[in-house]
Amino acid sequence: MQKERFLTGIQTTGTPHLGNYVGAIRPAIEASTRQDRIAFYFLADLHSLIKTGEPEKLRQSTMEVAATWLALGLDTDKNYFYRQSDIPEIPELTWILNCFTAKGLMNRAHSYKDSVQKNAEAGTADPDQGISMGLFSYPVLMAADILMFKARKVPVGRDQIQHLEMTRDIATRFNHYYGDFFELPEPVIEERAAVLSGLDGRKMSKSYNNIIPIFAPEKELRKLINKIQTNSQLPGEPKDPATSPLFQIYKAFASDTETAEIEKRYAEGIAWGEMKAVLFEFINQQISEARNHYWELLRQPGFIEAELRKGAEKARSISVPFLKEIKSAVGFGPLGG
Ligand code: TRP
């Protein structure tokens, strides 16, 4: 049986938080255990360079993200877990794909257009102010990530759907010239995954500064949960679970029966302080084993490094020969052979 290839890139900016966990990491790790598929999960550090000019932050985030996936049990023998910058064939393929990508296609990318829009709103003279070629051609690098490994399924958030369309466009154009080198990938959108709200009730996101790190030490986890905003309803007053961030987070970690029980307690008027204590205990016991593992891993960067090297070696056993074929197809390579 040919296993279906699932591939996704993980940004190495910031510390993984509970929103990342329920929205992306948990479903991805679950999916990777299935026998009929094989996962290519990689740290997209070439992409992250677009956002940060701070080497120490990039390194720290790379370590934290890698440790998170390892601590949560990703099987790196069955799957491919690597760091993008360890695969030099990816930027090399990016250049080749650049030559088959219409500039107009990139002009239409949402992330680029958003940046231009922000400049317009700020009234800057140059609409491209502060926009690097990295940001502009971001989708081409992403296409190379995917096409290099002939991945058919790409689990991503909704904001990435356009990038997948672009990948298909670029692949089709290349295939048209040179034959069927590339598979056309499809996005996989996890419809059921919860979108968590953060401390202030807005979507949990690094850019809002309202996150709860997955592996915050126990004391800090308690402190952060206590900070989650609630309304001014008093103990004993019936409360609406639908508008309560505490409830929503609880639900993302709970079975249906457990959720129903908490709904009942909302109807009975559970005090916010009590609900915070319940939520802390509930998450804390689910996460504690992986958290211990995580902090242990962070003390052994050499072990994390060895895992990533193993992944890079496996990935390159695919990318090296495939890039060679591609280069030969476009007319590079040894003469007179
Ligand atoms: N752009 C993706 C994001 O922001 C990360 C990413 C980079 C990616 N390369 C990829 C996702 C390849 C899927 C496939 O989340």
Side-chain angles (χ1 to χ4, degrees), residues 4-17 19-29 31-32 37-52 58 61-62 65-66 68-69 74 79-94 97-98 101 105-106 109-115 132 134-171 182-190 193 195 203-207 211 311-312 315 318-319:
E4 195 156 40
R5 290 185 178 178
F6 277 63
L7 176 144
T8 200
I10 309 143
Q11 296 263 5
T12 50
T13 41
T15 300
H17 56 72
N20 299 140
Y21 176 64
V22 303
I25 307 174
R26 189 173 61 186
I29 290 183
S32 72
R37 50 179 74 162
I38 187 148
F40 291 71
Y41 295 156
F42 66 95
L43 308 173
D45 56 348
L46 297 176
H47 278 111
S48 300
L49 184 60
I50 297 166
K51 295 194 192 149
T52 165
L58 182 52
S61 174
T62 300
V65 173
T68 298
W69 287 70
L74 177 67
N79 301 292
Y80 291 72
F81 184 58
Y82 53 97
R83 175 167 53 194
Q84 189 185 27
S85 63
D86 284 341
I87 319 292
E89 294 74 30
I90 291 174
E92 208 174 331
L93 177 59
T94 302
L97 297 179
N98 260 316
T101 303
L105 185 69
M106 295 299 102
H110 299 314
S111 48
Y112 170 62
K113 279 170 58 181
D114 287 352
S115 305
S132 69
L135 177 82
F136 184 67
S137 58
Y138 183 112
V140 190
L141 177 55
M142 188 160 155
D145 291 330
I146 298 168
L147 299 176
M148 179 64 90
F149 296 102
K150 297 192 167 91
R152 293 284 292 280
K153 295 284 161 70
V154 181
V156 280
R158 296 198 162 278
D159 60 325
Q160 300 293 312
I161 293 177
Q162 190 197 31
H163 292 151
L164 266 289
E165 283 162 7
M166 292 174 159
T167 300
R168 295 169 66 93
D169 249 44
I170 298 167
F182 297 128
E183 299 266 356
L184 303 189
E186 282 171 26
V188 179
I189 309 292
E190 183 69 45
V195 177
K203 180 183 168 184
M204 191 179 292
S205 160
K206 177 172 70 325
S207 36
I211 67 160
I318 297 174
S319 63

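Please read all numbers here as calculations on a predicted model, not as lab measurements. Just so you know, ligand 1 is whichever comes first in the structure, and atom 1 is the first atom listed for that ligand. Starting from 1, each residue takes its place in the sequence as its number.
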Quiz item: What's the shortest distance from atom 1 (N) of ligand 1 to any protein heavy atom, and which residue and atom give it?
Solution: Tyr138 OH, 2.6 Å
Quiz item: Parallel, tilted or perpendicular for Tyr138 and His47, by the 30°/60° rule?
Solution: tilted
Quiz prompt | Exam field: side chain Ser48 to backbone Thr12, donor-acceptor pair closer than 3.5 Å | solution = yes
Practice problem: Any atoms of ligand 1 less than 4.0 Å from a non-hydrogen atom of Leu7? List them with their elements. | Solution: 12 (C), 14 (C)
Quiz prompt | Identity and distance of the protein heavy atom lying nearest atom 9 (N) of ligand 1 | solution = Asp145 OD2, 2.8 Å
Practice problem: For Val154, take its heavy atoms, then give the atoms of ligand 1 lying under 4.0 Å from any of them. | Solution: 13 (C), 14 (C)
Quiz item: Nearest protein heavy-atom contact for atom 11 (C) of ligand 1: which residue, which atom, what distance?
Solution: Gly9 N, 3.3 Å
Exercise. Answer yes or no: is there a side-chain heavy-atom contact under 4.5 Å between Leu164 and Ile146?
Key: yes
Quiz prompt | Distance-only N or O hit between ligand 1 and His163, under 3.5 Å | solution = no
Quiz prompt | Proximal candidate to atom 10 (C) of ligand 1 [heavy atom criterion; set Lys51, Met142, Gln11] | solution = Met142
Self-check item: Contacting atoms of ligand 1, where contact means under 4.0 angstrom from a heavy atom of Ile146
Solution: 12 (C), 14 (C)
Quiz prompt | Proximal atoms of ligand 1 relative to Phe42 (non-hydrogen, under 4.0 Å) | solution = 9 (N), 10 (C), 12 (C)
Quiz item: Does Ser85 reach the side chain of Leu46, with side-chain heavy atoms less than 4.5 Å apart?
Solution: yes
Quiz item: Of all the atoms in ligand 1, which lie at a distance below 4.0 Å from a heavy atom belonging to His47?
Solution: 7 (C), 9 (N)
Quiz item: Do the side chains of Arg168 and Glu186 get nearer than 4.5 Å, heavy atoms only?
Solution: yes
Quiz item: Considering distance alone, does some N or O of Thr8 sit under 3.5 Å from an N or O of ligand 1?
Solution: no
Self-check item: Heavy-atom side-chain contact between Ile318 and Phe149 under 4.5 Å
Solution: yes
Quiz prompt | Heavy-atom closest contact (Thr13 atom, Ser61 atom, distance) | solution = N-OG, 3.2 Å
Quiz item: For atom 2 (C) of ligand 1, what's the nearest protein heavy atom and its distance?
Solution: Gln160 OE1, 3.4 Å
Quiz item: Which is it for Val156 and ligand 1 at heavy atoms under 4.0 Å: side chain, backbone, both or neither?
Solution: side chain
Quiz item: Heavy atom under 4.0 Å from ligand 1: found in Leu141's side chain, backbone, both, or neither?
Solution: neither
Practice problem: Check whether more than 12 heavy atoms from other residues, nucleotides or ligands sit under 6.0 Å from atom CZ of Arg26, and answer yes or no. | Solution: yes
Exercise. Write down the atom of Pro155, the atom of Thr8, and the distance for their closest heavy-atom approach.
Key: O-OG1, 2.7 Å
